[in-house]
Amino acid sequence: MFMMTFLREFQSWYWNCAFDDAELQAAFDATDAGTTPDEFQRAFLVLLRSKDTVARGTALDFFDRAAATSRFGEANPFEPYREEVLATAREMLRRPPRPGDDIAFEGADHASALLALKNDAGPEDAEAVLTVLRRRPDGELLHNALGTAGTALANSETPDPRLIAVVGEMAFDHSLDIDDRRKALGALRGVPGAEATALLVRATGEDDYRCQQEAAWALSIGERFYGHRALLEELHASWPDEESGFAASEVREALGPGPHSTYWHGVDPESPGLLRAHREMRAPTSRRAHRQAFRTMLYSGLVPMVAIALDHFCDDEGLTRFDLDVEALRPNVLALARHLLTLSPSTVRASPETGAGASHASALDVLALLAGPEDAMLLTTALRRRDAEALVRERAIRAAQDCLDRWEEPDARVVAALEELAFDPTAAMDDRTLAVIALFDVPGPQITGVFLRAAHSDVLPLQVEGALGLTHDDLIDQHRDLVRDLVASWPGGNDEPERAWLVRHALRD
């Protein structure tokens, strides 16, 4: 397990820890030998809840280390104490910075506090971050303050203009290291409003390519892109290849065409008007033109073109690639998706690369996002079509899963259709197991019954998914013995079922 190993190897980011207090020293020493989340939690809380600044700063560093390590898929053992961590960090920032000594540099307490806040800062933190930045710190303290400033500003409906101004001053302070100036520009990347945008546009006129590219990257994100495309094209063309870094590559990607579609590659509009609309959807020139191009495709009356428009609506890199507001489009998008599902699925000839059923796949992806309980029968029909193509069946199951997760009450017809599919011996095994998985986050005795039936099945993959379903929420307390007996009966080594390790892990927790 990465988490325990990484935490044992960790000491802190900024502190040379040696405590006169025996309890604090014992807690710190325990982090070098912990093997379970509980052991780390106990040591962490002793440090976090102490009155000693070094201990608290060390605890905040451990929280940050665990949060970073969680990207590998393991839970942060300190996550249950996030609110306490944030409160501690905010309290530390309200105090004057700790003087530098042989334990840590000046302001290390603020550096640790800002690190803990970097992903959660909001408007309430603007004043504290502003106070730090006005002192013009350097090194890690400056980097953490700028990172937290960016989060606080991005999470504010009305960003603090004083904080924007101070960050902007640093971006254009030529006495600072270029990396610090770029960090300041990066802090403006997610900040809404004209003030931040004006600073970014100004920065594109700097002589240094790195500053230009950092600012241009920020202008290429979200709705800013529509108003600054021409500037971005001009800038990108002026950058020598040897001077183009990561930020330049992000600008290039924004300027390049977005996805063709999800299921219709190789299918291009035949009429000039639709061809222009499709090109505009992929590489929009303005907000208005982007929206109009989508409408042209959506209302074309041609199934492939309508379905491509639906794909763009569902794809994160499609219609909303630059944060286009699509709320008003949702009713008609859903209505057309429903209509496509009442038609026969498209043929292989219509979408040769995907195969038959591409039109239904496009429509089902819309249902996954937008369908309400009134669409339960439409989903049920899609799930029960035994002649459906493999892709369509899989998209129907995914849509059912998303809808059941979203709806306040699970629809018994959809649940029943998933159960029928799970225990249909003529269905593909991947579809059968996916049908059980689709119920994992759905409460109710009907769903528990499906898990129990799967757990008692003679089909090993279904057994595994049924057992895994019984480990969710409070079900494990009632069915632990059954799940443990099932795990004991499964073959081990190279013959162990593919997802059996998840069940074993859930039993350990």
Minimum side-chain heavy-atom gap Leu460-Pro491 below 4.5 Å: yes

Under a 4.0 Å N-O cut-off, is there an ion pair linking Asp316 with Arg321? no

So if I apply the salt bridge (Lys or Arg N to Asp or Glu O under 4.0 Å) rule between Asp424 and each of Arg432, Arg386, Arg393, Arg384, which one comes out positive? Arg386

Residue pair Pro123 / Asn155: nearest heavy atoms and the distance that separates them: CD-O, 3.7 Å

Carefully, step by step, assess Leu319 and His290 under the rule side chain to side chain contact (heavy atoms under 4.5 Å, CB included). CA-CA 8 Å; Leu319 192 60; His290 194 182; 3.8 Å; yes

Under 3.5 Å, is there a donor-acceptor pair linking the side chains of Trp490 and Gln463? yes

Between Leu324 and Tyr226, is the side chain to side chain contact (heavy atoms under 4.5 Å, CB included) condition met? List the steps. CA-CA 10 Å; Leu324 188 69; Tyr226 293 117; 3.7 Å; yes

Between Ala307 and Trp264 the two heavy atoms that sit nearest each other are CB-NE1, 3.3 Å

Would you check if the side chain of Gln41 reaches a backbone N or O of Pro77 as a donor-acceptor pair within less than 3.5 Å? yes

Test item: Tyr263 and Asp365 side chains (from C-beta on) under 4.5 Å apart, heavy atoms: yes

Side chains of Tyr299 and Asn332, heavy atoms from C-beta outward: is any pair under 4.5 Å? yes

Between Met377 and Val414, is there a side-chain heavy-atom distance shorter than 4.5 Å? no

Within the side chain of Asp311, is there an N or O that forms a donor-acceptor pair under 3.5 Å with the backbone of Ser261? no

When every non-hydrogen atom of Pro269 is compared with those of Leu275, the smallest separation belongs to CB-N, 3.5 Å

Can Arg8 and Glu39 be said to form a salt bridge (charged side-chain N to carboxylate O under 4.0 Å, His left out), step by step? CA-CA 11 Å; Arg8 278 195 302 273; Glu39 290 174 335; over 6 Å; no

Flag yes if more than 12 heavy atoms outside Glu253 fall under 6.0 Å of its CD atom; otherwise flag no. no

Between the side chains of Glu280 and Thr285, does any donor sit under 3.5 Å from an acceptor? yes

So does Glu327 get a backbone contact from the side chain of Asp325, meaning a donor-acceptor N/O pair under 3.5 Å? yes

Go through the steps for Phe78 and Phe63 under the test ring pair (Phe, Tyr, Trp, His ring centres under 6.0 Å), then give the verdict. CA-CA 6 Å; Phe78 312 132; Phe63 182 85; 7.0 Å; no

Could you check whether any side-chain N or O of Thr204 sits under 3.5 Å from a backbone N or O of Gln212, counting only pairs where one atom can act as donor and the other as acceptor? no

Is it true that Arg210 and Glu214 have a side-chain N and a carboxylate O under 4.0 angstrom from each other? no

Only residue of Val85, Leu115, Leu86, Leu114 satisfying side-chain contact (heavy atoms from CB on, under 4.5 Å) with Leu60 is Val85

Should Arg224 and Asp323 be marked as a salt bridge (charged side-chain N to carboxylate O under 4.0 Å, His left out) after you check the CA-CA gap, both sets of side-chain angles, and the distance that decides it? CA-CA 9 Å; Arg224 282 185 176 131; Asp323 295 343; over 6 Å; no

Report yes or no: does Asp495 contribute a side-chain atom to a donor-acceptor pair with the main-chain N or O of Gly492 at less than 3.5 Å? no

Inspect the contact between Arg229 and Glu233 and indicate whether a charged nitrogen and a carboxylate oxygen are less than 4.0 angstrom apart. yes

Would you check if the side chain of Arg395 reaches a backbone N or O of Val392 as a donor-acceptor pair within less than 3.5 Å? no

Lys/Arg N to Asp/Glu carboxylate O, Glu250 vs Arg189, below 4.0 Å: no

For Thr151 and Gly147, indicate whether the former's side chain and the latter's backbone hold a donor-acceptor pair under 3.5 Å. yes

What one should report as the nearest heavy-atom pair of Pro284 and Met281 is CD-O, 3.9 Å

Return yes if some donor-acceptor pair links the side-chain N/O of Trp407 with the main-chain N/O of Ala371 below 3.5 Å, else return no. yes

Scanning both residues in full, the closest heavy-atom pair of Val267 with Ala350 reads CG2-O, 3.2 Å

Is the charged tip of Arg287 near the ring of Phe322: under 6.0 Å from the six-membered ring centre and within 45° of its axis? no

Between Thr148 and Leu117 (side chain of the first, backbone of the second, donor and acceptor by atom type, cut-off under 3.5 Å), is there such a pair? no

Can you tell whether the side chains of Asp125 and Arg90 come within less than 4.0 Å, N to carboxylate O? yes

For residues His260 and Asp268, is any side-chain donor paired with an opposing acceptor at under 3.5 Å? yes

Exam field: side chain Ser351 to backbone Gly355, donor-acceptor pair closer than 3.5 Å: yes

Quick one: does Val459's side chain get under 4.5 Å of Phe423's, heavy atoms only? no

Minimum-distance pair of heavy atoms, taken over all atoms of Met305 and Ser300: CB-OG, 3.2 Å

